[in-house]
Amino acid sequence: MTRQLLSAVALAATLFAGLAAPAQAALYRLDGAVDSGSLIGSAFSGSFGFDDPAAGFDGSVELDSFTLDFAGHRYTLDAADAGSLPVAWFSGGDLLGVDVSFALADPLLQPLLQLVAGFGSASEALLAYDTTGGGTEGYGSVVFTAVTQDVPEPASAALVMAALAAAGLARRRRVA
């Protein structure tokens with residue numbers, strides 16, 4: 001390799017390694033069972049995602065994705081109540097749960113549904129539902145499980161990009 005090529009590779013590696021890593025997407029599963037009301041014993045499950053906040057974060061983060069299968073229906077983020085912002089809540093970096101609600105036109109066909117984050121821990125989070133249209137009818141307990149995702153390290157990506165740049169420069173020199 002020529003000195004110019006080595007300099008270009010070193011510069012590219014330095015630039016790519018110094019770039020700030022984009023926010024990591026966090027993905028969680030939620031599972032639970034109804035503890036009271038007409039649907040007692042019914043199970044529910046789903047998943048949700050958001051941009052993972054910094055360690056020790058206190059506050060809320062808007063959900064990027066959400067699905068929940070409950071009482072024979074699938075609830076998705078695009079069907080969430082327009083009057084509320086679906087968010088994940090954190091305290092000291094720990095997930096407390098999600099706040100998302102679904103206000104539907106006919107509760108007899110599909111239950112009204114709300115997930116509520118815990119105040120002190122995720123174990124306090126709950127699902128509330130209504131099949132009658134007369135107010136909250138029953139509750140369910142919720143368990144959240146982080147889903148691990150394989151994400152390449154920024155330094156590895158920088159090395160791959162530098163190698164590609166070096167190969168391109170070497171090829172260009174041979175052609176010229």
Q: For Phe50, check ring pair (Phe, Tyr, Trp, His ring centres under 6.0 Å) against everything at least two apart and list the hits.
A: Tyr28, Phe90
Q.
Keeping Glu124 on the side-chain end and Phe119 on the backbone end, is there a donor-acceptor pair under 3.5 Å?
A. yes
Q: Check whether any side-chain heavy atom of Leu113 lies under 4.5 Å from a side-chain heavy atom of Leu68, and answer yes or no.
A: yes
Q.
So, taking the atom named CG in Leu112 and the one named OH in Tyr75, what distance separates them when rounded to the nearest 0.5 Å?
A. 7.5 Å
Q: Could you tell me which non-hydrogen atom of Val100 sits nearest to which non-hydrogen atom of Ala80, and how far apart they are?
A: CG2-CB, 4.0 Å
Q: Decide side-chain contact (heavy atoms from CB on, under 4.5 Å) for Val142 and Leu115; before the verdict, give the C-alpha distance in whole Å, the side-chain angles of both, and the deciding distance to 0.1 Å.
A: CA-CA 9 Å; Val142 184; Leu115 280 159; 3.9 Å; yes
Q) Is Leu96 linked to Tyr139 within one hydrophobic cluster, defined over Ile, Leu, Val, Met, Phe, Trp and Tyr using a side-chain heavy-atom separation of less than 4.5 Å? A) no
Q: Answer whether the closest heavy-atom distance between the side chains of Leu63 and Val98 falls below 4.5 Å.
A: yes
Q.
Let me check something: do Val116 and Phe102 share a hydrophobic cluster, defined by ILVMFWY side-chain heavy atoms less than 4.5 Å apart, either directly or through other members?
A. no
Q. Shortest non-hydrogen contact from Gly97 to Ala117?
A. C-CB, 3.6 Å
Q: Measure across Phe44 and Ser141 and return the closest heavy-atom pair with its distance rounded to 0.1 Å.
A: CZ-O, 3.3 Å
Q: I would like to know whether Thr76 and Thr67 meet side chain to side chain donor-acceptor pair (under 3.5 Å); could you show each step before the answer?
A: CA-CA 4 Å; Thr76 61; Thr67 61; over 6 Å; no
**Q.** Side-chain heavy-atom pair Leu39, Tyr129 within 4.5 angstrom cut-off
**A.** yes
(Q) My understanding is that only residues two or more places apart in sequence, or in another chain, count here; which of them pass side-chain hydrogen bond (donor to acceptor under 3.5 Å, both in side chains) with Asp58? (A) none
Q | Side-chain donor/acceptor of Glu137 to backbone N/O of Thr131, under 3.5 Å | A | yes
Q) Do Phe66 and Leu126 share a hydrophobic cluster, counting only Ile, Leu, Val, Met, Phe, Trp and Tyr and linking them when any side-chain heavy atoms are less than 4.5 Å apart? A) no
Q) If you look at every heavy atom in Ser45 and Asp31, which pair is closest and at what distance? A) CB-OD1, 3.2 Å
Q: Give the cluster check for Trp89 versus Leu127: same hydrophobic cluster or not, with ILVMFWY residues linked at side-chain heavy-atom distances below 4.5 Å.
A: no
(Q) Tell me if the centroids of the rings in Phe48 and Phe144 come within less than 6.0 Å of each other. (A) yes
Q: Compare every heavy atom of Leu27 with every heavy atom of Ser47, then report the nearest pair and how far apart it is.
A: CB-CD1, 4.5 Å
Q.
Donor-acceptor pair, distance only, cut-off 3.5 Å: does the side chain of Ser65 make one with the backbone of Gly49?
A. yes
Q.
I'd like to check Asp51 versus Asp64 (side-chain heavy atoms, cut-off strictly below 4.5 Å). Are they in contact?
A. yes
